[in-house]
Protein chains: 4
Amino acid sequence: MIIVLKPDASEEQIRHMVEKVKGLGLSVHLSKGAERSIIGAIGDEALLTSIPLETFPGVEKVMPILKPYKLVSREFQQENTVIDVKGVKIGGNEIQVIAGPCSIENAKNVLEVAMEVKKSGATILRGGAFKPRTSPYDFQGLGAEGLEYLKAAGKEAQLPVITEIMDPRDLELICENADIIQVGARNMQNFMLLKEIGKTDKPVLLKRGLCATIKEFLMSAEYIASQGNRKIILCERGIRTYDTETRNTLDLSAVPVIKSLSHLPVVVDPSHAVGKWSLVAAMSKAAIAAGADGLMIEVHANPEEALCDGAQSLKPRKFDLLMKELKRIANAVDRDI
Amino acid sequence: MIIVLKPDASEEQIRHMVEKVKGLGLSVHLSKGAERSIIGAIGDEALLTSIPLETFPGVEKVMPILKPYKLVSREFQQENTVIDVKGVKIGGNEIQVIAGPCSIENAKNVLEVAMEVKKSGATILRGGAFKPRTSPYDFQGLGAEGLEYLKAAGKEAQLPVITEIMDPRDLELICENADIIQVGARNMQNFMLLKEIGKTDKPVLLKRGLCATIKEFLMSAEYIASQGNRKIILCERGIRTYDTETRNTLDLSAVPVIKSLSHLPVVVDPSHAVGKWSLVAAMSKAAIAAGADGLMIEVHANPEEALCDGAQSLKPRKFDLLMKELKRIANAVDRDI
Amino acid sequence: MIIVLKPDASEEQIRHMVEKVKGLGLSVHLSKGAERSIIGAIGDEALLTSIPLETFPGVEKVMPILKPYKLVSREFQQENTVIDVKGVKIGGNEIQVIAGPCSIENAKNVLEVAMEVKKSGATILRGGAFKPRTSPYDFQGLGAEGLEYLKAAGKEAQLPVITEIMDPRDLELICENADIIQVGARNMQNFMLLKEIGKTDKPVLLKRGLCATIKEFLMSAEYIASQGNRKIILCERGIRTYDTETRNTLDLSAVPVIKSLSHLPVVVDPSHAVGKWSLVAAMSKAAIAAGADGLMIEVHANPEEALCDGAQSLKPRKFDLLMKELKRIANAVDRDI
Amino acid sequence: MIIVLKPDASEEQIRHMVEKVKGLGLSVHLSKGAERSIIGAIGDEALLTSIPLETFPGVEKVMPILKPYKLVSREFQQENTVIDVKGVKIGGNEIQVIAGPCSIENAKNVLEVAMEVKKSGATILRGGAFKPRTSPYDFQGLGAEGLEYLKAAGKEAQLPVITEIMDPRDLELICENADIIQVGARNMQNFMLLKEIGKTDKPVLLKRGLCATIKEFLMSAEYIASQGNRKIILCERGIRTYDTETRNTLDLSAVPVIKSLSHLPVVVDPSHAVGKWSLVAAMSKAAIAAGADGLMIEVHANPEEALCDGAQSLKPRKFDLLMKELKRIANAVDRDI
């Protein structure tokens, strides 16, 4: 931790600060510059973060040196984490494609899509039973009934399934029916939910919050990891910016950035990021070229009739074409799909 | 709802669209312009929002006309909502000041601050027992124990109390101990939590999410109202922007904007928005000048020792001076404090 | 300058870095921590900013300690700069109100508005002759002819006048006709223009760019100051964020932040920030409560007929009422208007 | 243009509005809905944009239907624009790579880099002579002398050259020495400069402003086109967001979005967007996968010694490796490079 002092900080104030830092068991380097003095606190930085050093008289600013996350950092673990979900390996050389409808509407539809995407090469089936909708008057998902349909479709198509959790009280039910738990962007800092998930050993796909920094994203993963569950898949799904041509702005440079900071696998959800099916293909290819370990793509047999997010869903035929294009890109970066 | 068609939309596509809209029981105005044709759908717009009209062939864009929220809108209720919390009226002519520590640390501290802020003119006591912290390694609050201390301090100082909820499983406990439930910025779109709170009749203070639009903010209030609870106080607390001089950017124009769109009271939390105590006074004054119905200010007897957000907390003496300045501003806009 | 080294930085890399810094004439503090080593470079930080220290092998990040601006900083000059424009003092205890039409449309209109705003208490007349419009097909201003009308109106109403410059080739013409040169948000980083203005001794009002940080804003002021012209007025006029309820988001906390960092006067333009006349009054009052030294408000006799930005213009009668309200707020913060 | 009226708009107000629109020569569709009435104005929308319809009593909001740009739109010209710069075709099937140093430092360095990047497959040489620097104390470029070095290096390496313009007074000089004029992000809305460039017939590369919407970006291109020059290359170079891990956020979905809206070629500058050389390769590959027509990459023989932006520059050897990887990606999307 570096503590920069104001130009007019008094000797008394500097002494007070130095004693405070030493009192916590850290050692101190005091360096008096021409314009400002600086205190370097050496030792366990975490001890200092709990103290509002900025409030001390004479302090101008405080700059942390170390990263606030540990278990999920590349420094803690050099090699990539590879998560095995019923034989599907996420984070290895093979790129995994998660596909399916935004929300589960009935048993028949989800099964049909499952069979289609399986045939095209998807390896995991997605489908929402509990839907976070901006409006209380929109379709909120089928709940427990939807989970059953999803589980059955996954079994029939021989695909592991993933579904979103919104309430810690649903955790047991979801763990029974799904192979991967999804935490949506709106719940990325629902810390109570993260802690509960951290106590299970289910793989979890954590979506980046709409305006979360990469540091905050990794801190939320750390919440899960700190409770024991290390099977975490990170998902970039677009951030909120000022532009309105796309629903959100897909931050693809987050992929190489996160992979340099963390050992966890990173997948990309282009469907939610752009919000228009016509842009999904281009951004899926770009995501793989940027180094993503997987994709999450919405597919619906009849987007016009979709109860949720139809505008961004691909029809099975378009998805099939896309998978062929993705194979070429994957090969161009020496990966399988 | 206005549906703008592409310049090259075919007659067949237009007919398909028109039939779809009519099939929902709405009437249609088709207007053929020089460059584009437009369909105006007249009737219950909510019926249309559930359909992904953008996916229909020939459609360029879809523009809703009506506001998606109802119960919380100024159109639904012309006069201001005034919420009575043990005799403290929020939303009326009197400006209410909510003050207290960020987190409850022990029985003694919260009582001391309660007595101080009461003396200076605060009318509601704040204090966090469950704390949403970015890091799992930071102080997470005293939980149920903290609630007891808060309740006791409020009773002693004769101030109603407010505290934050993070988990629907804590709702009963918090309702027993607090007079107002606070929903923090990170949970603004925790829809499960909002629904549960909507079923109680406790006053609730809903903070704007870090990157929530005003429309989304009002939609979250609508979630609560749709379940029956209309005692909702909205709180602007800063939004995330690119600038880093302040923790967040306090969006004060949100105050008059929200008051034009909704009948609900609006308070401002300058402490969290700016993150530095030295800026709290200026922004508190500005908030009242902009038309806020109240303020939420962090006060701590010894910010250097605060376990949370000490950097933005005022000492009781500074808070007392500020209250005197606020009185002058309130008078200048014909309000009491 | 603090240089944080990677955990695996080699001795050789550290030595290379230390030599580089010493070679520039700075002294070095090397501090070896448990997890990372840190190099503190003491001396003239400006020497180091020209070197891409981040590219050196073994370097993790580089953190500047000093502020990159000098002449405009509060450290360089403790007391507030007060700029005298024909007897109107900007930056002193008196709050100055700059008012007038967005663009000059003809001699009669600008004179009428000038007389009206003068009567209501405005002290400077604004009016655009060269207009930066997003579309090449929109009204671009009357140019030199407009400047004449503005000058004449100012003379008649006995108000100094301000107008915007967009091209260094217009500098002489504008200096002859106006008392203050305005640099618009889009030209905040038009460095060639800033340098030219810096060589004159005309007062200049510099608007904050739409997505400029406060640091960049002050650096642009430094460009002007570095050429010799210190008569700089800073103007906060809203920044671009994700919300769309207002044209831009007025960043009022920038007022106290800038006043703590710089000795220059700060004025606020609520009209451009919010883009709706109905919000201008609330934000004008808030700006003064936040500590602004002045306001810049658009007034038009007949906004419906305005050739530019009519939506945000006040009618003279509304402006007159507002001035009365502003007087009360100014008094509440011990200032005159 | 759709004009949405307030629920309480009077008959008189509606009549006033309708007459105004008709008076401009447009025809009117008045549609009275259950909750709101709507006026559809049919005809030349440009006539209406100059009128502040929002200020009319009874009006709630105004929604334009048509796009504000014409000459640069895909509707105006269906087929892609291909720009020929001394035989190098930008916008065709072949992807062009613009490479070179951020700033020209001396004759020798720029020539060395030119020969290197030519050998690796770059087809255009970049180099800055006039540098827009945030600080007035940073290296500002060699000016006219630098242009000579650039021209000589391009001639020797048989590469067309591109350089940035910052001041309309330099236009003639730059036209004599460069094959493509670059307008930087900070000058994207320097409308005077755009107009002057529009009067030449030099190819121009226009960079997206740091917080420009795609619509504004296309409007700036329209400024150039409206003066006669249609040889415009658009360049996405990252936008400003709240995240700080990268210098800016590369908005790759802008590539397919712009290509759907406009016929102009789109290139991507990953170097400035991310600001770190280690991320340039991943984002270059992603840009091509997303459909970019070209790349602009900074290359410097010795980034440690670079006078500008060394942190984001590739060494020639790394650039050479990258070109080989890009070839594979280009082939995977059926393009040459």
Side-chain angles (χ1 to χ4, degrees), chain B residues 67 208-218 236 238-261 266 268 270 273-276 278-292 324-334, chain C residues 67 208-218 236 238-261 266 268 270 273-276 278-292 324-334:
Chain B
K67 303 193 176 80
R208 182 179 181 184
L210 206 50
C211 63
T213 62
I214 287 175
K215 192 181 287 177
E216 289 167 344
F217 190 18
L218 291 174
E236 160 64 31
I239 59 173
R240 180 159 276 176
T241 68
Y242 62 83
D243 205 1
T244 54
E245 291 289 339
T246 45
R247 183 199 269 194
N248 298 126
T249 299
L250 188 63
D251 177 14
L252 276 187
S253 63
V255 175
V257 168
I258 294 174
K259 292 199 77 74
S260 75
L261 298 173
V266 180
V268 170
V274 297
K276 291 180 192 165
S278 60
L279 301 170
V280 169
M283 300 322 287
S284 296
K285 287 186 267 186
I288 292 181
K324 288 181 176 56
E325 296 180 348
L326 294 181
K327 206 175 291 279
R328 295 176 67 191
I329 299 281
N331 292 342
V333 291
D334 292 322
Chain C
K67 302 192 177 81
R208 181 180 182 184
L210 206 49
C211 62
T213 62
I214 288 174
K215 192 181 287 178
E216 288 168 344
F217 190 18
L218 292 174
E236 160 64 31
I239 59 172
R240 180 159 276 175
T241 67
Y242 61 83
D243 205 3
T244 55
E245 292 289 338
T246 44
R247 184 199 267 194
N248 297 128
T249 299
L250 187 62
D251 177 13
L252 277 186
S253 62
V255 175
V257 168
I258 294 174
K259 292 199 78 74
S260 74
L261 298 173
V266 180
V268 170
V274 297
K276 291 180 192 167
S278 60
L279 301 171
V280 169
M283 299 322 287
S284 296
K285 288 186 268 186
I288 292 181
K324 289 180 175 57
E325 296 179 349
L326 294 181
K327 206 174 289 281
R328 296 177 67 191
I329 299 281
N331 292 342
V333 292
D334 292 323

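All chains are named by letter (A, B, ...) in the order of the sequence lines, taking the proteins before the strands, and each is independently numbered beginning at 1. When reading the values below, keep in mind they use all heavy atoms of this one structure, side chains included, and skip hydrogens, waters and symmetry mates.
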Asker: Which atom names give the shortest non-hydrogen contact between Ile214(C) and Glu245(B), and what distance separates them?
Answerer: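 What the structure gives for the nearest pair is CB-CG, 3.8 Å.
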Asker: I want to check something: taking the side chain as every heavy atom from C-beta on, are Thr241(B) and Thr249(C) in contact at a cut-off of under 4.5 Å?
Answerer: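 With C-beta onward as the side chain, the pair stays apart.
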Asker: Taking all heavy atoms of Tyr242(C) and all of Leu210(B), pick out the closest pair and write down the distance.
Answerer: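 Scanning both residues completely, I find the closest heavy atoms to be OH-O, 3.7 Å.
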Asker: Side chain, backbone, both or neither: which part of Thr213(C) has a non-hydrogen atom closer than 4.5 Å to chain B?
Answerer: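 Its backbone and side chain both get close to chain B.
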Asker: Need one label for Ser253(B): side chain, backbone, both or neither, based on atoms under 4.5 Å from any heavy atom in chain C.
Answerer: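 When you check distances to chain C, atoms from both the backbone and side chain of Ser253(B) fall under 4.5 Å.
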Asker: Do Arg328(C) and Asp334(B) have side chains that approach each other closer than 4.5 Å (heavy atoms only, starting at C-beta)?
Answerer: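 Arg328(C) vs Asp334(B): side chains touch.
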Asker: Counting heavy-atom pairs closer than 4.5 Å to chain B, which one of Val274(C), Asn331(C), Ile239(C), Thr244(C) comes out on top?
Answerer: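 Highest number of pairs under 4.5 Å: Ile239(C).
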Asker: Under a 4.5 Å heavy-atom cut-off, does chain C meet the side chain of Leu252(B), its backbone, both or neither?
Answerer: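 For Leu252(B), the contact with chain C is made by backbone and side chain together.
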Asker: At a heavy-atom separation under 4.5 Å, does Ile288(B) approach chain C through its side chain, its backbone, both, or neither?
Answerer: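 No part of Ile288(B) comes within 4.5 Å of chain C.
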Asker: Supply the atom-to-atom distance Lys259(C) NZ to Leu279(B) CG, rounded to the nearest 0.5 angstrom.
Answerer: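 The distance works out to 13.5 Å.
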Asker: On a heavy-atom basis, which atom in Ala290(C) and which in Ala286(B) lie closest, and how many Å separate them?
Answerer: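 Minimum heavy-atom contact is CB-CB, 3.9 Å.
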Asker: Quick one: what part of Val257(B) sits under 4.5 Å from any heavy atom of chain C, side chain, backbone, both or neither?
Answerer: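 Its backbone and side chain both get close to chain C.
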Asker: Flag the one option from Ala212(C), Ala330(C), Ser284(C) with the top tally of heavy-atom pairs under 4.5 Å to chain B.
Answerer: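 Greatest number of close heavy-atom pairs with chain B: Ala212(C).
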